[in-house]
Structure formats: C-alpha cells, structure tokens
Amino acid sequence: MTDVPIKVENIVASATLGKSIELPKVAPALEGVEYNLEQFPGLVYKLKEPKTAALIFGSGKLVCTGAKSIDNSVKAIHITVDKMRKLDSEIPEEFNIKVQNIVASANLGKTLNLEAVALDLENTEYEPEQFPGLVYRLEDPKVVLLLFGSGKVVCTGAKTIDDAQLGVEKTKERLGELDLI
Amino acid sequence: RLRKWQRKIRISGATERNLAFALSELDRDSSRLGLPRSVREAASVVYRSAVENKLIRGRSIEGVVAASLYAACRRCNVPRTLDEIAEVSRVSKKEVGRTYRFLTRELNIKLPPTSPVDYVPRFASELSLSGEVQSKAIEIIEKAMEKGLTSGRGPTGVAAAALYIASVLLGERKTQRDVADIAGVTEVTIRNRYKELTEQLDMGVTL
DNA sequence: GCTTTAAAAAGTAACTT
DNA sequence: AAGTTACTTTAAAAAGC
C-alpha cells in the first residue's frame, strides 16, 4: 500500500521507418524544421500538439522526445511521419515504435536528510556542491532516481511506466527499512 | 629477446616520465592553491594508486592529477571547490568532477560530502575573523545540519552565511559582499541561507 | 566523449527591471 | 530586492566525428 502516485514528465521513443530517407526531400513538409547537418546529423522538428520534438535521420530512424504519455508519443510520431509521407510516398504506413526512456516525478511526502541517506543507502552519489539531488541507482528495476531534501523524487531510465512506479515504491520502501524516512 | 627488453625499458621510461610529469603538475596545482605538503602527499598517493590500478587509460594525466588533488583536499578536511581546482589546473570543472567520481568508485574511496565546517577556517582567515567567530559559525552550522537545513545546499554558501551571521553576532561584522567574494558565492545566496538559518534556528533578527 | 531533444527536481548564477 | 532565464544532474535513442 505504498501507493505513491507518479507523474510521467517525459517520454523518449524511437521509430524505425524501414526505409532510408532523403532529408532535403521531406524537410519542406515539416514547417519550422531545423537542420544543421554540420552540427547534428538529424532534422529537428518541433510539434505543438502533442508538444514534442522529433529528430529525423537519413537512415529512416526517428526519435521523439517530450511527450507526457506513451499515447501522445505514438501520436506525435504518426503525425510527423504522415507529413513526411506527403513528400515521400514510399514511407510505410506501419513501422515499429519503441519507448526508450520514461522520466517521472513523485513526492514521497516526507522530507529527507540527504547526508544521512548518503551514509546508509547503497549505490548513491551525493555532491551538493554540484547538484542538490542525491543520485540513487536501483538495480531492479534498473532505473536511476534523484532524491531531494523536500521529499520530491525524479525517476528516469525506465522503459515502462510500471518500472518507473516500481522504482519509486522500492525506493520509498528501502528508505523506510533504513529508517531514513 | 633484445627487442622485448628494449621495449620494457622504453615503457618503464615512459612510465617514469609520466610520473615525473604528474608530480610536477601536482606541485604546480598545489602551490597555486596554497596547499600544505601533507595534502600534496595524500594526492600523490591517490594518483599512484590510480596508476597501479591502470585507471589512467583514456584519461589525461592532468585530469587524474586534478581529481586526485580534489579528493585529497576533501579527505584532509581542507576542501577546494571543483571551480578552484579547475582554475589552477588545465582541466575543466566537468572533467575534474567526472574523473573524481571514477577514481573514488574504482579505488573504493568513500568520502562523505564536504562539510561546510571544513570551509570555515580558510574563509575566516581570509576575512581576518577571530577564532571566536569561527567557533560561533561552526556552532551555527552544526545546528543547521541537525535540523536538516543543509540538505542539497552548497557547502560554501552555508559556510559563508554562518560566518556572516557569526561576524555580526560577535561584533566583527563583515559585509555580505566581502564574505561572498571570499566564499565564491553571490550575495543572493548568502541572503537566502542567512534568512533560512536565522528564521529556522534560534537567532533573533540581527540585521 | 561530443553534438541535439525534452522534462522534472532544487540550488545557484547572471542579467533586468 | 524581485523577476526572468539558464545552467547543474539523471536516462535513452539517433549518425558521425
């Protein structure tokens, strides 16, 4: 019954369109697209709704970041690819999409004494000179959490929402076992 | 066989040359930071063990020296910030921090986060503050730590605010600007810590 | 390792007003 | 002194230097 609600803040997903793409050819279909091939090998296209950013590569692979739900990430990718297909009808209608990372935030409800957590909790890094959060690496699920003195937490590295949720719960449980919360 | 022998000589020659370079680099950084020989020695011990454990691969000697020195300063309780280390070495703050994490992990060196208390003597002497002010500042910091007022806050900012408060309380007032400059933080940070400490600890408003 | 994207947490910094 | 913007940390993919 640990039941700590988490909020998904960002989803990173990749798609493989299955066909190489001539970036200069599809670029005109994406209003406001940015591309400095000297600086970065992909096109950068920002969608307003769902508010996301897509990185499009000549290999036919694409990365979508910024969505707050898996549905929106998938939706954003399809909207972007549909526009590209208007200038390149060879782009398949169906392709694979894979969630690569999920960032979520949560509130443990109680404040934390980070110096104490740093001493007793395993696999942590805490360098307040550099960053106010304590870095906690969980092995199962394999996620990384940032713990703050306020009791707020950020969980990243999860591939599924369940893992992000589990990561937060296990962290709270472990803190409880060590009498740190 | 002769070839193998020559290679061995060449390699050990390079090893010695690298060690000599590392130690001269360490001397240069240490003197620029005004560190005592004991800290320099501690740093060379860290550096040598890094070499023995083959941790230099893929890293610059300067970077490992800087990180070793950063670690030694912390272990000897005479901390220098990553910015200060980066300033005197020719290594970026990011590189020093990254190499430091690598070394502490690989050499199983576990250092607790720098305590604001360790910055008090240095800042106080640069500000010409008395031992009474230092003691008072340390007392303030210890109370703050007990109440969890230091979690997530930069150690230099906490030390600076505590010294500022102590200097006012004991009639040796220094301006926030002077303290901020010595501690390497902004006046805004001192004010934020100052408010937090005076409000959440005892102290009546002493502004 | 770097480049580019997005987003949260909390502290600190650098500018404006 | 208040506001704003921006940078620190974490993860992950993409193609290439």
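Lettering follows sequence order; numbering is per chain, from 1. Both backbone and side-chain heavy atoms feed into the values below; hydrogens, waters and symmetry mates do not.
Atom-to-atom, CZ of A/F148 to P of C/dT12 comes out at 13 Å; the value is rounded to the nearest Å. Look at CD1 on A/I6: it is 15 Å from C1' on D/dA11, rounded to the nearest Å. Rounded to a whole Å, the CG atom of A/L37 is 14 Å from the C1' atom of D/dC17. Between A/E129 atom CD and D/dT9 atom P the separation is 12 Å, expressed in whole Å. Distance, B/D83 CG to C/dA14 C1': 14 Å, rounded to whole Å. When the C1' atom of D/dT9 is taken as reference, atom CG of A/N10 falls 15 Å away, rounded to whole Å. The distance between atom CG of A/L134 and atom P of D/dT9, rounded to the nearest whole Å, is 15 Å. Straight-line distance from the CZ atom of A/F131 to the P atom of C/dA8: 13 Å, rounded to whole Å.
Applying the 4.0 Å criterion to OP1 and OP2 of C/dA6, one finds that A/K46 has a side-chain N or O inside that range. At the phosphate of C/dA13, OP1 or OP2 sits under 4.0 Å from a side-chain N or O atom of B/T186. For the OP1/OP2 pair of C/dG11 and a distance below 4.0 Å, the side-chain nitrogens and oxygens of B/T189 include no atom meeting the criterion. For C/dA10, neither phosphate oxygen OP1 nor OP2 lies less than 4.0 angstrom from any side-chain nitrogen or oxygen of B/R153. Contact between the side-chain N/O atoms of A/S14 and the OP1/OP2 oxygens of D/dA14 is not found at any separation under 4.0 Å.
Transitive grouping of hydrophobic side chains (ILVMFWY, heavy atoms separated by less than 4.5 Å) keeps A/L23 and A/L87 in distinct clusters.
Side-chain atoms of A/E9 and A/S105 form a donor-acceptor pair, as typed in the model, at a separation below 3.5 Å. No hydrogens or angles considered: a donor-acceptor pair under 3.5 Å links the side chains of A/E122 and A/Y136. Between the side chains of A/Y45 and A/E31, at least one donor N or O sits under 3.5 Å from an acceptor N or O. Residues B/S24 and B/D27 bring no donor and acceptor atom of their side chains to less than 3.5 Å of each other.
Within the nucleic acid shown, B/K93 has no heavy atom closer than 4.0 Å to any nucleic acid atom. Looking at heavy-atom distances under 4.0 Å, A/T65 makes contact with a base. Using a 4.0 Å heavy-atom cutoff across all strands shown, A/K51 reaches sugar-phosphate atoms only and no base atom. Nucleic acid contact for A/S150: sugar-phosphate only, since backbone atoms but no base atoms lie under 4.0 Å from a heavy atom of the residue. The residue A/G133 sits apart from the nucleic acid: no heavy atom pair falls under 4.0 Å. Using a 4.0 Å heavy-atom cutoff across all strands shown, A/K98 reaches no nucleic acid atom at all. Residue contacts for B/V185: at a heavy-atom cut-off of 4.0 Å it reaches the sugar-phosphate backbone alone, with no base atom in range. Using a 4.0 Å heavy-atom criterion, one finds that A/V144 contacts the sugar-phosphate atoms exclusively. Nucleic acid contact for B/G184: sugar-phosphate only, since backbone atoms but no base atoms lie under 4.0 Å from a heavy atom of the residue. Contact annotation for B/R193: backbone-only contact, meaning every heavy-atom pair under 4.0 Å involves sugar-phosphate atoms and none involves a base.
Closest to the side chain of A/A53, from the set D/dA11, D/dT8, C/dA6, is C/dA6. Listed nucleotides D/dA1, C/dA7, D/dA11 differ in distance to B/R191; the shortest reach to its side chain belongs to D/dA1. Checking C/dA8, D/dT8, C/dT5 against every side-chain atom of A/V103, the shortest atom distance belongs to C/dA8. The listed nucleotides are D/dA14, D/dT10, C/dA7; the one nearest the side chain of A/R137 is D/dT10. Comparing D/dA12, D/dA13, C/dC2 by their nearest atom to the side chain of B/R98 picks out C/dC2. The nucleotide whose nearest atom lies closest to any side-chain atom of A/E9 is, among D/dA14, C/dT4, C/dA7, C/dA7. For A/V63, whose side chain is taken as the heavy atoms from C-beta onward, the closest listed nucleotide among C/dA8, D/dA12, D/dA14 is D/dA14. Candidate nucleotides D/dT10, C/dA10, D/dA13 were compared by shortest atom distance to the side chain of B/R101, and D/dT10 ranks first. The side chain of A/Q100 lies closest to D/dA12, out of D/dA15, D/dA1, D/dA12.
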So A/F40 and A/F57, ring-ring contact (aromatic ring centres under 6.0 Å, His included) or not? Walk me through it.
CA-CA 10 Å; A/F40 189 69; A/F57 303 87; 5.8 Å; yes

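When both pairing distances are held under 3.5 Å, D/dA14 makes a Watson-Crick or G-U pair with C/dT4.
Comparing the P positions of D/dG3 and C/dA7 gives a spacing of 24 Å, expressed to the nearest Å.
Nearest-nucleotide positions on DNA chain D place A/L146 closer to the 5' end than the other of A/S59 and A/L146. Both A/T156 and A/P132 lie close to DNA chain C; mapped to their nearest nucleotides by heavy-atom distance, the more 5′-ward contact belongs to A/T156.
Between A/F131 and A/F148, the ring planes are perpendicular. Angles over 60° get that label, and only those under 30° would be called parallel.
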Let me check something: any side-chain donor-acceptor pairs from residues 101-108 of chain B under 3.5 Å, sequence neighbours excluded? List them with distances.
unit_1, atom_1, unit_2, atom_2, d
B/R101, NH2, A/Q130, OE1, 3.2
B/T104, OG1, B/Y100, O, 3.0
B/T104, OG1, B/R101, O, 3.0

